[in-house]
Amino acid sequence: MTVLVAGPDRIAAASVLSPRLELRVDTAVERLTTVQAAFPGAAIRYAVKANPQPALLRALVAAGAGCDVASPAEVGAALAAGARPEALLHSNPIARRDHLAVCGHLGVRTFVVDSASEVVKVADAVPGATVLARILTSGAGSDWPLSRKFGCASEHAVEILTAAAELGLHAGGVSFHVGSQQRDPLAWAAPIAAAAEVFGHLRARGLTPTVLDIGGGFPAHHEGAAPDLADYGHIIGGLVGESFGDLRPELVLEPGRGIVGDAGTLVATVIAVIQRGERRWVHLDAGVFTGLVETLEEAIRYRLETDRVGPVVPTVLAGPTCDSADVLYERIPVDLPDDLAEGDEVRFLSAGAYTSCYSTVGFNGFEPLTTVLV
Ligand SMILES: *Cc1c(COP(=O)(O)O)cnc(C)c1O
């Protein structure tokens, strides 16, 4: 990942650089502050995979966030940004044994698991660690569901946490993720209630779970409506109260998109405007393989901006490579100005998450996406 800092002498160079991700670290810190205010007392573990840009990590850590990490490299990035090892949460439920050991050596103490075999692995690799069991969610209500790959049934969570305790680990509590860009705060209701039941069963077995990790999923400002972060805090706080009563757990959040999404603008340039039959196609110098991977299946629909003001026409957007998958929006075309022309900028708003991190290798001779701090 190339990073340019837009100092006075480099602004000229940066302004012609296309495509680029313009990243506003201050905006990410403001979003973090908003999350902290919405969830008073909760531990915020920024999901590094959303955007691992070092200056961003440093600013978030300085503002009180820990990090949600999935690999030794992410642990290294978080520590280099100043994070305390105790403020790191290893949330990858399936990991290489040697990677778990390295994370343990680097000081990570809390690991998410969702299977009996991974509990044994953690017990071997990081003796005495704390584990959280990840339970399944439906993913309904989210634009980018994550539910199929990870998560176990609640009864299984009770069993694996009990087994963890027998292996000398600390059965810390429960974790889940309701799917990314989750537009419905009530999506947290079922997993919070399920987690409370798991806590109850564990207590009945003499264990002392304390941590409720409610994952990420908080939205950025993509196309379509979503509640404010304050509403999420209010509603989810109420759900925790209903399910847990006086035995309120320590809340952990793992926001990625909700913090860094709105902090970035992906700036692309029109290469060509082509009429193909009935449809206008606009080919850009950024596509699925240069940062816009979340447009696959048109899951994430970014808000778009250009400098033209004329009437709009439905437009298919495509990327620069020869791969036929490098088409952004075709099923539901986007409305872009009629007079859009070669050389014009098309700006993808709220594109700070899951863009620069996915384009570290150039494809078809097109450079990976460059980040410019603005
Ligand atoms: C990706 C991921 C996150 C961040 O999700 P967002 O929807 O970007 O907030 C949090 N936790 C886990 C385990 C993840 O895999």
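Whatever order the structure lists them in is the order used to number ligands and atoms, beginning at 1.
Around the NE2 atom of H234, the shell of radius 6.0 Å holds no more than 12 heavy atoms that belong to other residues, nucleotides or ligands. Counted within 6.0 Å of CD on E86, heavy atoms from surrounding residues, nucleotides or ligands total more than 12; the atom is thus considered enclosed. Heavy-atom contacts from other residues, nucleotides or ligands closer than 6.0 Å to CD of Q275 number more than 12.
Between R20 and E345 there is a salt bridge, since a side-chain N of the basic residue sits under 4.0 Å from a carboxylate O of the acidic one.
For the pair R257 and Y354, the cation does not sit on the ring face, since its NZ or CZ is not both under 6.0 Å from the ring centre and inside 45° of the axis.
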For residues 192-213, tabulate all N or O donor-acceptor pairs below 3.5 Å that involve a side-chain atom, not counting sequence neighbours.
unit_1	atom_1	unit_2	atom_2	d
R205	NH1	T162	OG1	2.9
R205	NH2	E159	OE2	3.1
T210	OG1	E250	OE2	3.4
D213	OD1	G215	N	3.0
D213	OD2	S175	OG	3.0

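Under 4.0 Å from any atom of ligand 1, one finds heavy atoms of residues A47, K49, D68, S91, R134, H177, S180, G216, G217, E254, P255, G256, R257, Y354.
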